[in-house]
Amino acid sequence: TPVLQVYTYDSFVADWGPGPAIEAAFEETCACDLQFVGAGDGAALLARIKLEGGRSDADVVLGLDTNLVTAAKETGLFATHGVTAEYTLPVAWDDDTFVPFDWGYFAFVHNADMDAPANFRELADSDLKIAIQDPRSSTPGLGLLMWVKAAYGDKAPAMWADLSDNVLTVTKGWSESYGLFLEGEADMVLSYTTSPAYHLIAEEDASKAAAAFDEGHYLQVEVAAKLAGSDQPDLADAFLAFMVTDAFQSIIPTTNWMYPAVTPAGGLPDGFDTLIAPAKAL
């Protein structure tokens with residue numbers, strides 16, 4: 001039985017993540033053994049691939065994002081694809097190397113009964129404590145860096161200086177910081193506008209909300225790509241094509257808690273209509 005090895009981030013392969021359901025669905029079609037390998041958070045994936053180079057056992061890397069694709073292409077380790085789809089992304093997509101599988105906006109999640117700040121300035125002027133992620137290992141962490149830069153330009157360093165006393169801690173990955181928030185250690189956590197949908201749908205808990213910032217919210221598109229050195233290139237191509245089908249995309253909203261790159265035929269689950277819609281995309 002041929003083995004297809006896919007490097008991804010840790011939460012994707014968790015029992016509650018999309019990995020197990022996607023593995024079962026793809027193996028029904030491929031006559032193969034799909035093996036997901038958790039390799040830290042999104043930004044850590046690229047570091048691992050760079051380290052392994054052409055010797056990597058990975059056939060596909062799933063979980064890089066739009067902030068990393070330029071650096072990823074510069075490695076020369078990724079192959080082009082022939083996937084086409086009617087994407088329902090907020091931006092046009094014509095990349096010949098990376099196939100998008102979901103998207104979302106970064107946001108600070110908080111308890112719904114809290115008087116949340118409406119922008120970074122109000123956050124910096126408050127006594128609120130936030131848990132954020134390291135941009136060197138985490139795609140949300142890198143997204144926050146880009147978010148502040150997009151919103152404040154040359155004044156971004158001054159904003160970071162003002163925010164410094166609000167930062168409770170900087171974790172390596174998303175899971176650690178979100179756990180601190182759920183345990184009550186932090187008032188807010190860097191996550192996504194879609195995160196409250198998890199609590200609402202999976203836990204029937206409406207106590208979490210995402211703060212709408214009037215500077216706008218930074219967009220993330222998550223992607224996958226085939227390694228040029230894959231020893232299963234046809235299987236890798238088949239997996240990338242499978243990613244944009246209903247069988248894959250219908251799993252994403254209620255397991256990865258993001259918007260699917262191609263809206264499934266059944267639409268989005270109930271509860272997604274309650275989420276904030278950023279007035280401005282950065």
Side-chain angles (χ1 to χ4, degrees), residues 1-13 17-19 22-23 26-27 30 32-85 87 89 91-104 133-143 145-146 172-174 219-245 248 252 256 258 261-262:
T1 302
V3 174
L4 183 71
Q5 194 162 111
V6 178
Y7 283 7
T8 186
Y9 46 83
D10 290 343
S11 62
F12 198 92
V13 297
I22 287 169
E23 180 179 352
F26 185 63
E27 286 181 349
C30 72
C32 71
D33 177 13
L34 171 58
Q35 295 182 358
F36 283 114
V37 177
D41 234 35
L45 284 173
L46 182 56
R48 177 165 175 172
I49 288 298
K50 284 182 175 179
L51 185 66
E52 294 180 356
R55 299 174 290 104
S56 179
D57 291 331
D59 300 294
V60 172
V61 173
L62 182 154
L64 304 181
D65 74 354
T66 33
N67 288 324
L68 295 170
V69 293
T70 299
K73 280 187 178 182
E74 288 173 352
T75 67
L77 295 172
F78 295 92
T80 57
H81 67 81
V83 176
T84 58
Y87 296 116
L89 300 167
V91 293
W93 194 269
D94 59 0
D95 193 283
D96 66 353
T97 303
F98 294 93
V99 179
F101 64 91
D102 68 15
W103 64 278
Q133 299 95 40
D134 191 328
R136 296 167 296 183
S137 55
S138 164
T139 53
L142 180 58
L145 199 66
M146 304 300 288
K172 186 176 181 181
W174 172 87
L219 171 69
Q220 179 190 47
V221 180
E222 292 194 296
V223 300
K226 177 176 70 172
L227 272 296
S230 168
D231 59 2
Q232 296 289 344
D234 292 340
L235 263 182
D237 287 338
F239 180 78
L240 294 179
F242 176 75
M243 283 196 340
V244 299
T245 66
F248 184 109
I252 289 296
N256 221 31
M258 296 280 276
V262 181

| task | Using the side-chain contact (heavy atoms from CB on, under 4.5 Å) rule, take V91 and L219 through it: C-alpha gap first, then chi angles, then the decisive distance, then the call. | result | CA-CA 9 Å; V91 293; L219 171 69; 3.8 Å; yes
| request: Answer yes or no: is there an ion pair linking K226 with D237, defined by an N-O contact shorter than 4.0 Å? | output: yes
| remark: Taken to the nearest 0.5 Å, the spacing of S56 OG from I49 CD1 works out to 4.0 Å
| Will you find, in the side chains of E52 and Y7, an N or O donor that is under 3.5 Å from an N or O acceptor? | yes
| With no hydrogens and no angle check, is any side-chain donor or acceptor of W93 less than 3.5 Å from a backbone partner on F98? | yes
| remark: On a heavy-atom basis, the closest approach of F26 and C32 is CE2-SG, 3.8 Å
| request: Could you pull out the closest heavy-atom pair between A39 and L45, with the gap in Å? | output: CB-CD2, 3.6 Å
| query | Quick one: does D59's side chain have a donor or acceptor within less than 3.5 Å of a partner on Q5's backbone? | reply | yes
| note | Nearest heavy-atom approach of F101 to M243 is CB-CE, 4.0 Å
| Does some side-chain heavy atom of D65 sit less than 4.5 Å from a side-chain heavy atom of W103? | no
| message | So, taking the atom named OG in S138 and the one named CG in L145, what distance separates them when rounded to the nearest 0.5 Å? | response | 11.5 Å
| said: What I want to check is whether the side chains of D234 and Q232 have a donor and an acceptor closer together than 3.5 Å. | reply: no
| query | Side chains of Q220 and T139: is there a donor and an acceptor less than 3.5 Å apart? | reply | yes
| message | On a heavy-atom basis, which atom in A72 and which in L64 lie closest, and how many Å separate them? | response | CB-CD1, 4.0 Å
| said: Taking the side chain as everything from C-beta on, heavy atoms only, tell me whether T97 gets closer than 4.5 Å to V69. | reply: no
| task | Answer whether the closest heavy-atom distance between the side chains of D33 and E27 falls below 4.5 Å. | result | yes
| field | Closest contact, heavy atoms only, P100 versus A261 | value | O-CB, 3.6 Å
| query | What are the two closest heavy atoms between A241 and V83, and how far apart are they? | reply | N-CG2, 3.9 Å
| note | Taken to the nearest 0.5 Å, the spacing of L142 CG from N67 CG works out to 4.5 Å
| Between the side chain of T8 and the main-chain N/O of L62, is any donor-acceptor distance below 3.5 Å? | yes
| said: What I'd like to find out is whether the side chain of Q35 reaches to under 4.5 Å of the side chain of V3, using heavy atoms alone. | reply: yes
| Is the shortest heavy-atom distance from the side chain of F248 to the side chain of P18 under 4.5 Å? | no
| query | What's the verdict on side-chain contact (heavy atoms from CB on, under 4.5 Å) for S230 and V60, showing C-alpha distance, side-chain angles and the deciding distance? | reply | CA-CA 8 Å; S230 168; V60 172; over 6 Å; no
| task | Report the C-alpha distance between E222 and N256 in whole Å, list the side-chain angles of each, state the deciding distance to 0.1 Å, and finish with yes or no for side-chain contact (heavy atoms from CB on, under 4.5 Å). | result | CA-CA 11 Å; E222 292 194 296; N256 221 31; 3.5 Å; yes
| request: Indicate yes or no: at least one non-hydrogen side-chain atom of T66 is less than 4.5 angstrom from one of M146. | output: no
| said: Are V244 and Y87 packed together at the side-chain level, in the sense that at least one heavy-atom pair is separated by less than 4.5 angstrom? | reply: yes
| query | Does the side chain of V99 come within less than 4.5 Å of V223's, by heavy atoms? | reply | no
| remark: For residues 73-84, the side-chain hydrogen bond (donor to acceptor under 3.5 Å, both in side chains) pairs (sequence neighbours left out) are K73-D95
| query | Can you say whether the rings of F242 and F239 are parallel (under 30°), tilted (30 to 60°) or perpendicular (over 60°)? | reply | tilted
